Amino acid sequence: MTRTLATETVAKIGEQVLIKGWVNARRDHGKIVFVDIRDRSGVVQVVGKTDLGDLRPEDVVYITGLVKKRPDNLVNPELATGTVEVAAEKVEVVSKAEELPFDMGQETLEVELPTLLDYRALTLRHPKVQAIFKVQEVVIDSFRKAMQAKDFMEFQAPSIISSAPEGGAEIFEVKYFDHKTYLAQSPQLYKSLLVGDFERVFSVNKVFRAEPSVTTRHLTEVVSLDAEFGFIDSWVEVKDMAEYAIKFILAEVEKKCAQELAMFGISVPKVADEIPHLKLREAQEIIFQRTGRDCRQEKDLAPEDEREICKWSLEEKGSDLVFVTHYPTRARPFYTYPDDKDPEFNQGFDLLGRGVEWLTGGRRIHDYQTLLAHAKEWGVSPENIQIYLQAFKYGMPPLGGFAFGAERITMLTLGLGNIREATMFPRDMERVDVRLSTIQK
RNA sequence: GGGGCCGUGGCGCAGUUGGUUAGCGCGCUUUCCUGUCAAGAAAGAGGUCGCGGGUUCGAGUCCCGUCGGCCCCGCCA
């Protein structure tokens, strides 16, 4: 007999089926026993005699039985398969589970972060935990679809690089035969140079940052959603493309993940018809006006300021998302394009949402001589970025691009408190599946 | 790298101004129960309070050290 998935039972009333899955819960009434069986489609109730009484949570079972329509008074409206149940005839335990370290039967898995991650193979079975990664899948998939719809070509960026394009402190060194190489902290230089070859490119890949920071929003290994394109008239076009992408992504999440969002009791971030954008100095002025906190000379917004400007955006503009543009030129990498009117500030931007950065982007310098001059001024040796410079030496259109953090979009869309929850196997300074401080002893 | 907080049975927590046998919920074991869907009921097992030292007649409860964890800041996606 071929397997029937849990949710397929509703269409098979009166039929004999074979259900394969995990025991989600067992309710033993003595002469009658109920067992919820979970598979990738969902959960269905199996009803039977005492032979179901020995089943324990997470046992893998094959159950043959008859699908029965439940009487009206026994329908469970909370369950997608609540109108039916499977009357067990044969029960086979394929794999017996040991006693669980915590209760998996709760609607919300009530464990602390270390427990959640220490038992990752197990906690990933919980429906609400799975919902996080369903959302993440849609985020990444819809980024691809958004860029493809705009004629961008996906490419594979290298992870092993020979020099650090954006400063050196936060980069992992890699032993590479007899040479010193690094893990890429961004596909930046590659996506930019590829604009000289393909005009419009994007990539979905891991980037690595050796920043010694342990916060709720930093990881050492993250999924970067990158895009870059040429023949732009101004940085505004780059911002608009990023805006298009995130609107597309959030609309897809809203459409495809209604159930998942409901589990977290949250809706996708509110986006205004046009996402508000303001210069860093304007943002700082607003913060000063609203809070009296004077950060007007700072080169960036502190986390507290980011939260405040997001609050402002939601209250005044009805948007959870807000662009902050024109950061001090010296505070950004050598390739960012200084503003024509005010070269102290550049044509770059961040997208903030629900208090945290989602994206960084901007226009890049396309003129070869200017780029060379900037590289030198920034202390970047031209020999180290030869492959990059080559693209600009032989004709490069005006260009720009942006990069989203996939885990951050997931985290903030669902309102999670820690980015590690939005990562299946998070890497940070103190954890690589196991806690490093524990195994070093 | 700087600062704050925390560490009590498998999990999540409570333990008043230090004072007799350390509590609760979930889970676990046994029993009862034919309609539950976080099933219910009854009984039971399981901790000496991260570790080391100190103060005290007496410490989970105060002090020092140590190990571990969480959060905030710097930096960023």
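In this text the structure is predicted, and so the values were computed from the model without any measurement. In what follows, chains are A, B, ... by sequence order, proteins preceding strands, each numbered from 1.
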Set out, line by line, the N/O atom pairs under 3.5 Å between protein and nucleotides 4-8 of chain B.
none

**Request:** May I ask you to say what A:S224 touches in the nucleic acid, namely base, sugar-phosphate or nothing, with a heavy-atom cut-off under 4.0 Å?
**Result:** nothing
**Asked** What about the rings of A:F152 and A:F229, do their centers lie closer together than 6.0 Å?
**Response** yes
Review item, nucleotides 12-15 of chain B N/O atoms under 3.5 Å of protein N/O:
from, atom 1, to, atom 2, distance (Å)
B:rG12, OP1, A:E112, N, 3.2
B:rG12, OP1, A:T115, OG1, 3.0
B:rC13, OP1, A:E112, OE2, 2.9

**Request:** Establish whether the base of B:rC26 is bridged to the side chain of A:D103 by a donor-acceptor pair shorter than 3.5 Å.
**Result:** no
**Item:** Close side-chain approach of A:P187 and A:V207, heavy atoms under 4.5 Å
**Value:** yes
**Message:** Counting primed atoms plus P, OP1 and OP2 as sugar-phosphate and everything else as base, spell out the protein contacts along nucleotides 29-36 of chain B at 4.0 Å heavy-atom distance: B, S or - for each nucleotide, 5' to 3'.
**Reply:** S---BBBB
**Request:** Establish, with yes or no, whether the OP1 or OP2 oxygen of B:rC71 is under 4.0 angstrom from a side-chain nitrogen or oxygen of A:N418.
**Result:** yes
**Asked** In terms of ring plane angle, is the pair A:F248 and A:Y244 parallel, tilted or perpendicular, where the classes change at 30° and 60°?
**Response** tilted
**Asked** Looking at A:E377 and A:R330, does any basic side-chain N land under 4.0 Å from a carboxylate oxygen?
**Response** yes
**Message:** What I'd like to find out is whether the side chain of A:E228 reaches to under 4.5 Å of the side chain of A:R364, using heavy atoms alone.
**Reply:** yes
**Asked** Is there a side-chain contact between A:L371 and A:F334, using heavy atoms and a 4.5 Å cut-off?
**Response** yes
**Message:** Under a 3.5 Å threshold, yes or no: a donor from one side chain and an acceptor from the other, between A:Q106 and A:D103?
**Reply:** yes
**Request:** Convert the base pairs of RNA chain B into dot-bracket notation, remembering that pairs crossing earlier ones are written with [ ] and that bases paired across to another strand are shown as |; include only Watson-Crick or G-U pairs under 3.5 Å.
**Result:** (((((((..((((.....[...)))).(((((.......))))).....(((((..]....))))))))))))....
**Request:** Indicate, with a heavy-atom threshold strictly under 4.0 Å, whether A:E98 touches base, sugar-phosphate, or nothing.
**Result:** nothing
**Request:** Before accepting this row, confirm whether a basic side-chain N of the pair A:E304/A:R293 lies closer than 4.0 Å to the acidic partner's carboxylate O.
**Result:** yes
Between N or O atoms, less than 3.5 Å apart, protein on one side and nucleotides 72-75 of chain B on the other: list the pairs.
from, atom 1, to, atom 2, distance (Å)
B:rC72, OP2, A:T216, OG1, 3.3
B:rC73, OP1, A:R307, NH2, 2.9
B:rC75, OP1, A:K299, NZ, 3.3
B:rC75, O2, A:E211, OE1, 3.0
B:rC75, O2, A:H218, NE2, 3.3
B:rC75, N3, A:H218, NE2, 3.3
B:rC75, N4, A:R217, NH2, 2.4

**Complete:** Sorted by position of nearest nucleotide on RNA chain B, 5' first, the leading residue of A:L359 and A:E107 is A:E107
**Message:** Could you check whether A:T215 and A:H218, counting side-chain N and O atoms only, form a donor-acceptor pair closer than 3.5 Å?
**Reply:** yes
**Message:** Using a 4.0 Å heavy-atom cut-off, does A:I409 contact any base of the nucleic acid, only the sugar-phosphate backbone, or nothing at all?
**Reply:** nothing
**Prompt:** So, A:E308 and A:R290, do they make that salt bridge, N to O below 4.0 Å?
**Reply:** yes
**Message:** Counting neighbours of NZ on A:K96 that are heavy atoms of other residues, nucleotides or ligands and sit closer than 6.0 Å, is the number greater than 12?
**Reply:** yes
**Contact nearer the 5' end of RNA chain B, comparing A:G405 with A:D36** = A:D36
**Request:** Could you walk me through whether A:K128 and A:T108 pass the side chain to side chain donor-acceptor pair (under 3.5 Å) test, one step at a time?
**Result:** CA-CA 7 Å; A:K128 198 168 167 184; A:T108 297; 3.0 Å; yes
**Asked** Quick one: A:M429 CE to B:rG69 P, roughly how many Å, whole number?
**Response** 11 Å
Side-chain polar contacts of residues 234-242 of chain A - donor-acceptor pairs under 3.5 angstrom, sequence neighbours left out - could you list them?
from, atom 1, to, atom 2, distance (Å)
A:S234, OG, A:V236, N, 3.0
A:E237, OE1, A:D233, N, 2.7

**Distance-only donor-acceptor check, side chains A:E89 and A:Q16, under 3.5 Å** = yes
